[in-house]
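Structure first, commentary second.
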Amino acid sequence: MITQVTKGIKISVQTSFEGTFFKNYKMHYAFGYTITIENQSKDAVQLTSRHWKIYDSLNDMETLDGEGVIGKKPVIQPGDSHTYNSGCLLTSPIGAMKGHYNMTHLSNSEKFRVYIPTFKFSAPFALN
């Protein structure tokens with residue numbers, strides 16, 4: 001598990017290899033990840049959007065921006081956490097992701113970034 005703390009918000013990431021399949025006559029590698037966002041600060045915060053950089057060893061880096069996470073903009077009280085599962089399709093068995101969440105302190109409307117540490121994807125058969 002990979003973890004990182006930014007401004008009292010702890011991000012923990014666990015990855016998994018989900019399998020391979022063909023899509024558009026091309027082999028794809030499916031990876032899953034579980035992210036836990038833990039509020040270790042003294043203020044309630046809300047996750048408003050996300051920014052991802054996705055690295056595929058056979059392709060250029062891809063950038064994704066979006067509202068919330070999996071259709072939600074969770075409010076996380078001090079001492080609480082929010083966990084969600086998502087996934088990524090790559091055209092190679094090795095890759096990585098990193099990024100940040102845009103968040104808001106609910107007590108004073110201050111906006112800030114919480115960094116998501118780089119986490120790697122690798123199919124078990126890809127490494128020796």
Side-chain angles (χ1 to χ4, degrees):
M1 180 175 295
I2 305 290
T3 62
Q4 182 170 331
V5 179
T6 307
K7 296 187 177 183
I9 308 300
K10 180 180 178 182
I11 306 296
S12 302
V13 185
Q14 183 74 45
T15 62
S16 61
F17 175 65
E18 303 295 326
T20 60
F21 66 95
F22 280 94
K23 177 181 174 186
N24 298 331
Y25 305 104
K26 199 176 205 182
M27 178 69 83
H28 284 76
Y29 302 84
F31 295 93
Y33 56 90
T34 300
I35 295 186
T36 299
I37 305 161
E38 183 181 346
N39 186 353
Q40 298 177 336
S41 76
K42 296 177 183 175
D43 297 315
V45 297
Q46 182 171 27
L47 189 159
T48 56
S49 63
R50 68 190 183 282
H51 173 83
W52 286 114
K53 290 183 179 182
I54 303 169
Y55 301 90
D56 185 326
S57 65
L58 295 178
N59 285 314
D60 293 333
M61 183 211 37
E62 182 180 355
T63 302
L64 286 174
D65 291 290
E67 294 291 311
V69 289
I70 61 166
K72 298 178 183 176
K73 293 183 180 179
V75 171
I76 309 168
Q77 298 295 330
D80 285 347
S81 64
H82 177 78
T83 300
Y84 72 95
N85 298 303
S86 192
C88 181
L89 285 179
L90 301 178
T91 57
S92 72
I94 297 173
M97 286 177 68
K98 72 177 182 177
H100 67 264
Y101 296 123
N102 292 307
M103 301 187 105
T104 304
H105 282 289
L106 295 183
S107 61
N108 59 12
S109 300
E110 176 191 342
K111 296 180 184 329
F112 64 104
R113 282 186 179 172
V114 172
Y115 293 94
I116 305 161
T118 301
F119 53 98
K120 297 176 182 176
F121 299 122
S122 61
F125 55 81
L127 303 174
N128 38 352

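Residues take their numbers from the sequence shown, with the count starting at 1.
- With hydrophobic clusters built from ILVMFWY side chains whose heavy atoms lie under 4.5 angstrom apart, L47 shares a cluster with L64.
- Between S92 and D56, the side chains place a donor N or O and an acceptor N or O closer than 3.5 Å (distance only, hydrogens not considered).
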message: One pair to check against side chain to side chain contact (heavy atoms under 4.5 Å, CB included): H28 and T91. What are the steps and the verdict?
response: CA-CA 5 Å; H28 284 76; T91 57; 3.9 Å; yes
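- Counting heavy atoms from C-beta outward, I11 and Y115 have side chains that stay 4.5 Å or more apart.
- Between the side chain of S81 and the main chain of T36, no donor-acceptor pair closer than 3.5 Å is present.
- Inter-residue side-chain proximity for I116 and W52 is flagged as met; some heavy-atom pair is nearer than 4.5 Å.
- Annotation for G95 and L90: closest pair CA-CD1, 3.7 Å, computed over non-hydrogen atoms.
- Nearest heavy atoms, N39 versus I76: ND2-O, 2.9 Å.
- Neither side chain, S12 nor Q14, offers a donor N or O lying under 3.5 Å from an acceptor on the other.
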task: Output, in order, the C-alpha distance, side-chain angles, deciding distance and verdict of side chain to side chain contact (heavy atoms under 4.5 Å, CB included) for F22 and M27.
output: CA-CA 5 Å; F22 280 94; M27 178 69 83; 3.9 Å; yes
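- Here the straight-line distance linking atom CD1 of I35 with atom CE of M1 works out to 11.0 Å at 0.5 Å rounding.
- Note that the NZ atom of K53 and the NE2 atom of H100 stand 9.0 Å from one another [nearest 0.5 Å].
- Side chains of M103 and I37 form a contact here, defined as non-hydrogen atoms less than 4.5 Å apart.
- The aromatic rings of Y84 and Y101 sit perpendicular to each other, their planes meeting at more than 60°, with 30° as the lower class boundary.
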task: Begin from the C-alpha positions of K98 and Y55 and carry the test side chain to side chain contact (heavy atoms under 4.5 Å, CB included) through to its verdict.
output: CA-CA 9 Å; K98 72 177 182 177; Y55 301 90; 3.4 Å; yes
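- Taking a 6.0 Å sphere around CG of N108, one finds it holds more than 12 heavy atoms contributed by other residues, nucleotides or ligands.
- Minimum interatomic distance between I2 and F119 (heavy atoms only, all atoms of both residues): CG1-CB, 4.4 Å.
- Heavy-atom minimum distance, P93 versus F125: CB-CE1, 4.2 Å.
- Note that OG1 of T3 and CD of E38 are 10.0 Å apart. Values are rounded to the nearest 0.5 Å.
- For the pair P74 and V69, the minimum side-chain heavy-atom distance is below 4.5 Å.
- Atom OG1 of T104 and atom CD of E110 lie 9.0 Å apart (nearest 0.5 Å).
- Proximity of F31 to T15: side-chain heavy atoms (C-beta onward) are nowhere separated by under 4.5 Å.
- No side-chain heavy atom of F17 sits under 4.5 Å from any side-chain heavy atom of S122.
- Residue S41 comes nearest to K7 through the heavy atom pair CB-O, 4.2 Å, listed as atom of the first residue, atom of the second, then distance.
- The side-chain heavy atoms of H51 and T63, taken from C-beta on, include a pair separated by under 4.5 Å.
- Residues Q46 and K73 come closest through the heavy atom pair NE2-O, 3.0 Å.
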field: Residues N59, I54; criterion side chain to side chain contact (heavy atoms under 4.5 Å, CB included); working and verdict
entry: CA-CA 10 Å; N59 285 314; I54 303 169; over 6 Å; no
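- In the hydrophobic clustering of this structure, V45 does not group with V5; members are Ile, Leu, Val, Met, Phe, Trp, Tyr whose side-chain heavy atoms approach within less than 4.5 Å, directly or through other members.
- Here the straight-line distance linking atom CG of D65 with atom CZ of R50 works out to 8.5 Å at 0.5 Å rounding.
- Following chains of ILVMFWY side-chain contacts shorter than 4.5 Å, one cannot reach V75 starting from I70, and the two form parts of different hydrophobic clusters.
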